[in-house]
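Predicted model only: the values in this text are computed from it and were never measured. Order of the sequence lines sets the chain letters (A, B, ...), proteins ahead of strands, with each chain counted from 1. Computation of the quantities below employed the complete heavy-atom set of this structure, encompassing side-chain atoms and omitting hydrogens, waters and symmetry-equivalent molecules.
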Amino acid sequence: MAIIKIQKGTKDILPSDMPVWYFMEDNARKIFSEYGAKEIRTPIFEATELFARGVGDTTDIVNKEMYTFEKSERSLTLRPENTAGVVRAFIENGMHRLSAPIKLWYKGPMFRYERPQAGRQRQFHQVGVEVFGIKQPTADAEVILMAVNYLNALGLNDLSVELNSLGCPKCREEFKTKLKDVIKPYLSQLCPDCQARFEKNPLRLLDCKVEECKAIYAKPEIQEVIQSDFICEECSEHFSGLKSYLDALKINYSINKLLVRGLDYYNRTVFEIKSNNLGSQNAVCGGGRYDSLVRNLGGEDTPAVGFAMGMERLASLIGNRDDEKTRAFVVSNNTVEGIKLAEELRRAGISAEFDLTNKKFVKQLEKASKVAKFAVILGEDELNSNQVTVKNLDTSEQKTIPREELLKAI
RNA sequence: GCGCCUGUCGUCAAGCGGUUAAGACCUCGGAUUGUGGUUCCGAUAUGCAUGGGUUCGAAUCCCAUCAGGCGCCCCA
């Protein structure tokens, strides 16, 4: 019979992978709560319309990457990201009435129908933070600080923070128009991708990798527009406020005027954190400010900033972590006494294993040395004298002690 | 969705058209009736992603499908 195989773009997270995942999850809880953020868990499927309206129906994510299905005449979608879901929960639970800032963090699986490759799966996991209710750039700074500290806690240092401001809808439109005007004369010389971007997302034109296009964008009159500070005074003030906070916090960052995020809801601050050790999917964290999303989804006008990180990408940077060994392995050929002693240890809060197949002494000890820190030897001699032998399997030290002293010895 | 590359045991692999498909790790058993992590012996793919084809003969060549890798696009 043919075996049923795992689906394309999905991965089993095996017992041997768990140490890394616990490490990421424990640190998320620890670090984010240092900032007063509370965890929220929202459903993995939502009304399709939430993503269409929230993420934006011109984005690739919504257009071609969603897992959508019908049930009882409702159109449902597996969440491709979690900001829309968190905002939905925020609105639905009246969280705007809580005292601002409202800081929420989450982790969980996300689903995107894409061609899998390194650092990209169809089911993957994100950890993220959303901060609601603060329009000042202090919130942007704190969100970036949370991301950086979390990554540092994971031991990840070889990372760079890139920052940009998209301005508000108004000044961004003006910039787009200016950019299109100056590029228009060369439109027919651009690569097909760029020709499509010209209409769909002109801000993305600039990071094209095709040499011919790059040559065109390097022209002085185009560079002049790109390098100009197009954002309006208010946006500009916000941005310099953020930069001064980051400077004060000694967070290294670089301004990348070409940084544009693919989700429609961002305004003003956008940022990415990249690793040089990841190949082409090199962003471990992406985020920014989305001041109009809450209102667009039907809530009270509430400014917000947040970020999301790809946990599989983090995991591949963290590398292997040691599994925690069982504390005690009871070595005994007396099955009844052995299984009882192991349970006694567990009740005392000590993880314990016992050979269920009554293998020979040597085999049991061999097994113990692989999985446990201590071997607790309960042989005939010990049973007769109500003693137990405790052997430290790392140092080979062992001593035979009265049974009452066992708990103190391991 | 497009382009290039890959697919041999649980894992890492040798094999490059000729008869029993190397080796290593892991696992299991033994050397060893109470002292392991080092050593020594033994076991484990009628099978080379799947389905067709070429050939006297195919893991080796061809085609398709599936899966994976890398790049583009996009994103975390």
Side-chain angles (χ1 to χ4, degrees), chain A residues 2-3 5-11 14 16 24 55 58-65 79-83 107-128 147 151 191-194 196-197 200-201 204 207-210 259-263 270-275 278-287 306-317 325 329 331-334 355 357 359-383 389-398 400:
Chain A
I3 59 163
K5 288 189 299 196
I6 195 167
Q7 289 307 108
K8 186 178 199 160
T10 65
K11 286 255 168 43
L14 300 169
S16 57
M24 292 190 288
V55 180
T58 62
T59 61
D60 279 4
I61 291 180
V62 169
N63 267 330
K64 41 186 210 198
E65 297 175 3
R79 38 134 96 143
E81 56 95 55
N82 208 28
T83 299
K107 63 173 162 53
M110 308 294 158
F111 306 84
R112 258 121 98 159
Y113 187 81
E114 291 182 271
R115 178 85 190 268
Q117 57 183 70
R120 173 190 295 170
Q121 294 169 204
R122 289 182 172 180
Q123 177 177 170
F124 62 102
H125 299 256
Q126 290 187 329
V127 240
L151 293 166
C191 70
D193 279 336
C194 279
R197 288 183 188 118
K200 218 177 77 184
N201 195 346
R204 278 219 166 269
D207 59 2
C208 183
K209 272 103 187 162
V210 177
L259 177 60
V260 179
R261 314 231 65 253
L263 292 75
V270 288
F271 66 96
E272 275 185 14
I273 302 179
K274 292 178 179 171
S275 164
L278 273 181
S280 100
Q281 313 304 323
N282 63 352
V284 291
C285 175
F307 68 78
M309 300 192 189
M311 296 181 79
E312 280 79 3
R313 292 182 190 177
L314 294 178
S316 74
L317 291 172
K325 284 190 164 182
F329 194 103
V331 174
S332 178
N333 287 111
N334 186 321
D355 174 43
T357 56
K359 281 197 199 30
K360 278 185 287 195
F361 184 87
V362 180
K363 291 289 172 193
Q364 291 193 23
L365 196 61
E366 191 181 332
K367 171 84 172 166
S369 73
K370 282 179 193 159
V371 303
K373 178 104 172 79
F374 291 98
V376 175
I377 300 167
L378 188 64
E380 270 182 55
D381 297 347
E382 286 88 350
L383 280 168
T389 298
V390 176
K391 176 167 187 145
N392 182 321
L393 292 162
D394 295 327
T395 63
S396 294
E397 284 171 54
Q398 73 172 57
T400 301

Exercise. Could you tell me whether A:Gly287 contacts a base, only the sugar-phosphate backbone, or nothing, with contacts defined as non-hydrogen atoms closer than 4.0 Å?
Key: nothing
Self-check item: Under 4.0 Å protein heavy-atom contacts per nucleotide of nucleotides 4-12 of chain B, with B for base, S for backbone only and - for none
Solution: ---------
Quiz prompt | Touch class at under 4.0 angstrom, heavy-atom based, for A:Ala308 against every strand present | solution = sugar-phosphate
Quiz prompt | Residue matched to B:G7 through Watson-Crick or wobble contacts both under 3.5 angstrom | solution = B:C66
Quiz item: When rounded to the nearest Å, what value does the distance between P atoms of B:U32 and B:C41 take?
Solution: 15 Å
Quiz item: A:Glu114 near the nucleic acid: base, sugar-phosphate alone, or nothing, with a heavy-atom cut-off under 4.0 Å?
Solution: base
Exercise. To the nearest Å, give me how far apart NZ (A:Lys325) and C1' (B:G36) are.
Key: 11 Å
Exercise. Write down the distance separating the C1' atoms in B:U20 and B:U6, rounded off to the nearest Å.
Key: 29 Å
Self-check item: For B:G17, the Watson-Crick or wobble counterpart (both distances under 3.5 Å)
Solution: none
Practice problem: Summarise protein proximity over nucleotides 27-35 of chain B in one line of letters, 5' to 3': B for base, S for sugar-phosphate only, - for none, counting protein heavy atoms closer than 4.0 Å. | Solution: S-SSSB-BB
Quiz item: Among all residues two or more places apart in sequence or in another chain, which pass the side chain to side chain contact (heavy atoms under 4.5 Å, CB included) test with A:Glu366?
Solution: A:Lys363, A:Lys370
Practice problem: Please work out if A:Gly119 contacts a base, only the sugar-phosphate, or nothing of the nucleic acid, heavy-atom cut-off 4.0 Å. | Solution: base
Exercise. Check every strand shown and say whether A:Asn333 touches a base, only sugar-phosphate, or nothing at a heavy-atom separation below 4.0 Å.
Key: nothing
Self-check item: Neighbour count >12 (heavy atoms, 6.0 Å) for atom NZ, A:Lys274
Solution: yes
Self-check item: Distance-only donor-acceptor test, A:Arg120 side-chain atoms vs B:A76 base atoms, 3.5 Å
Solution: no
Practice problem: Under 4.0 Å between any heavy atoms, over every strand shown, what does A:Gln117 touch: base, sugar-phosphate, or nothing? Just pick one. | Solution: base
